[in-house]
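For reference, the structure is listed below as structure tokens.
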Amino acid sequence: MSISSRLVYLPVAALSVCAPAQALVYMSVEDAQKLMFGEQALTPLTLALSPEQSAAIEKDAGAKVFAGSLRAWKANDGYFFVDAVIGKHDLITYAVALGTDGKVRQVEVLEYREAYGGDVRNPRWLAQFKGKQHGDELRIGEGIQNVSGATLSCEHVTDGIRRLLATYAIAIAQH
Amino acid sequence: MPSPSPSTEIRRARPLLGTLVEIRATAAGPRAPLHAAIDAAFAAVEQVHRLMSFHDAGSEVAALNREALHRSLRVDAQTWTVLAAARRLSQLSEGAFDISIGVHLQDWGYLPSGPGPIPSEGNWADIELLDDARVRFHRPLRIDLGGIAKGYAVDCAIAVLREAGIDSALVNAGGDLRVLGPPQQVQLRHPQNPAFSAHALSLCNEALATSANYYARRTSASGEVSPLLDPRSRRPWLGAASVSVRAADCMSADALTKVVLFAAPETAARVLEACDARAYVQNPLEAAA
């Protein structure tokens, strides 16, 4: 048995021209609604948070409110939310279904955008997604790759869901 | 022969196991059964998360860390499977893989703190696996299955998809992945510029897991740290290399990345041979030398 047959040292000089996972669209908002609530009609809810409510949510969730990213709908048997969170290296849009009891029924990632090396915090990088409708125009088609690499933490999604639940408790359930 | 109906691909992701878990499945026919198979595969990953999360006080890992020093605890067959595989790899690698490193990861801020400091001289050999799926610690320990359970969860999800009759799928838990069915291309991130891929491999009914530092290094009260820890020196590994391991199952691939990082090359090669696995090392510093 030779070491080399089991331990392969790859050259690292070669940089591929393609970025393996810059933007992935998993599903549209409409697809997520359908998956979570079937054919139910959903009613949009207005989430105009007062400064006091925002402060209470931040305190409750221990996570900073990413202004304006949260959207909510009411279904017959629950609530549907779409939110976005910024991590160290990525921006993730996700959907959450809550039951009428306020418990999480399902979480699905809608879009994943990667920007390694600080781009994520760059206002110009973020600006390109402001007000953008979620959907196919950001799909990068055949170039989407399977990627193996160091584990990317998604603590920020967990924080986002905690914040979303606090928002539900403070701004929706009490009304 | 009738021509095969066109195949549908569905790709979904959920935040689980502290990372993004992606399931991509292809089958002929309507979308609903494919979604149902993916739901069931996510449920299998969620079950592993519930049993083996360090963070969740209700998990079996948390219960072991609280109580297994004082009395033997019976664990679920799945937790048992992972603990037994971890023990085998610790034995084979002479401790280069070790799940008893939770206390350091707590000190360095990668895992939530527990109830007070504990001595840290215990190791994998102090975890006794008794008959009847019971577990006992012989020294104060905090185990963390973060270096092996992601791979196991990927295997569980693949098993569910296979049972559901899916011909072609890929499950990727934050870089630890496994392919079901025909060959699929997988990119390896470049260790110095992980937004780019440096190599591509083709996998067919195989798994690939990668360990590297580029996302997780940080500065803590104890200086610069990473969640990759050399179990023998108990020091954080701060190297620039990336190690990927290809094996038949993802649990082995996941744990073996740590064996390759921390064992002597001869030992690593012997363990890889015993597991019929192969490692790919990208080391920018050696390449520059």
Side-chain angles (χ1 to χ4, degrees), chain A residues 1-22 24-27 31-32 34-35 38 85 87-90 92 94-96 106-112 114-117 119 144-161, chain B residues 11-15 18-20 22 24 35 146 150 170 172-177 179 184-201 203 208-216 227 242 244 260 265-266 268-270 272-273 277-284 286-287:
Chain A
M1 174 197 74
S2 76
I3 286 179
S4 63
S5 69
R6 292 288 171 187
L7 264 173
V8 181
Y9 293 88
L10 296 174
V12 285
L15 256 187
S16 148
V17 288
C18 74
Q22 284 190 318
L24 282 175
V25 178
Y26 289 102
M27 62 176 82
D31 288 345
K34 230 179 188 168
L35 194 65
V85 285
K88 224 167 152 184
H89 306 292
D90 53 28
I92 293 178
Y94 62 98
V96 176
Q106 194 169 339
V107 178
E108 293 285 338
V109 173
L110 303 181
E111 295 173 8
Y112 170 85
E114 187 176 293
Y116 183 80
D119 281 358
I144 296 173
Q145 307 280 358
N146 304 309
V147 185
S148 182
T151 306
L152 197 58
S153 153
C154 69
E155 274 167 25
H156 51 304
V157 183
T158 316
D159 291 344
I161 295 170
Chain B
R11 192 169 186 175
R12 283 166 56 187
R14 289 187 185 173
T19 187
L20 205 63
E22 182 190 275
R24 180 179 191 175
H35 270 303
K150 269 193 286 294
L170 188 140
N172 188 347
D176 296 347
L177 55 86
V179 171
Q184 295 199 40
Q185 282 269 312
V186 174
Q187 307 287 326
L188 293 184
R189 288 185 190 273
H190 193 285
Q192 284 171 306
N193 192 346
F196 289 86
S197 62
H199 293 277
L201 297 171
L203 302 185
L208 183 76
T210 298
S211 283
N213 257 332
Y214 37 79
Y215 287 132
S242 158
S244 302
V260 174
E266 298 73 22
R270 184 170 47 71
L272 289 164
E273 178 86 21
R278 187 181 301 273
Y280 302 91
V281 181
Q282 301 183 76
N283 191 339
E286 274 185 13

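Below, read A as the first sequence line, B as the second, and so on, with proteins coming before strands; counting in each chain starts at 1.
Paired with Tyr26(A) under the rule side-chain hydrogen bond (donor to acceptor under 3.5 Å, both in side chains), one option of Arg12(B), Glu22(B), Arg11(B) passes, and it is Glu22(B).
For Gln106(A), the side-chain hydrogen bond (donor to acceptor under 3.5 Å, both in side chains) criterion is met by Glu108(A), not counting sequence neighbours. Applying the side-chain hydrogen bond (donor to acceptor under 3.5 Å, both in side chains) criterion to Ser244(B), with sequence neighbours excluded, gives Thr210(B).
Atom CG of residue Leu7(A) and atom CD of residue Glu273(B) lie 11.0 Å apart, to the nearest 0.5 angstrom. Taking NE2 from His35(B) and NZ from Lys34(A), the interatomic distance works out to 10.0 Å, rounded to the nearest 0.5 Å.
Both the backbone and the side chain of Val186(B) come within less than 4.5 Å of a heavy atom of chain A. Heavy atoms closer than 4.5 Å to chain B are found in both the backbone and the side chain of Val107(A). The contact between Leu177(B) and chain A is made entirely by side chain atoms (from C-beta outward), counting heavy-atom distances below 4.5 Å. Using a 4.5 Å cut-off between heavy atoms, Pro191(B) contacts chain A through its side chain alone, with no backbone atom that close.
Of the listed residues Ala209(B), Ala277(B), Ala200(B), the one with more heavy-atom pairs under 4.5 angstrom with chain A than any other is Ala277(B).
With a 4.5 Å cut-off on side-chain heavy atoms, Asp90(A) and Leu20(B) do not count as touching.
The two residues Val157(A) and Pro15(B) have their closest heavy-atom pair at CG1-CG, 3.6 Å. Across every non-hydrogen atom of Arg6(A) and Leu272(B), the tightest pair is O-CD1, 3.6 Å.
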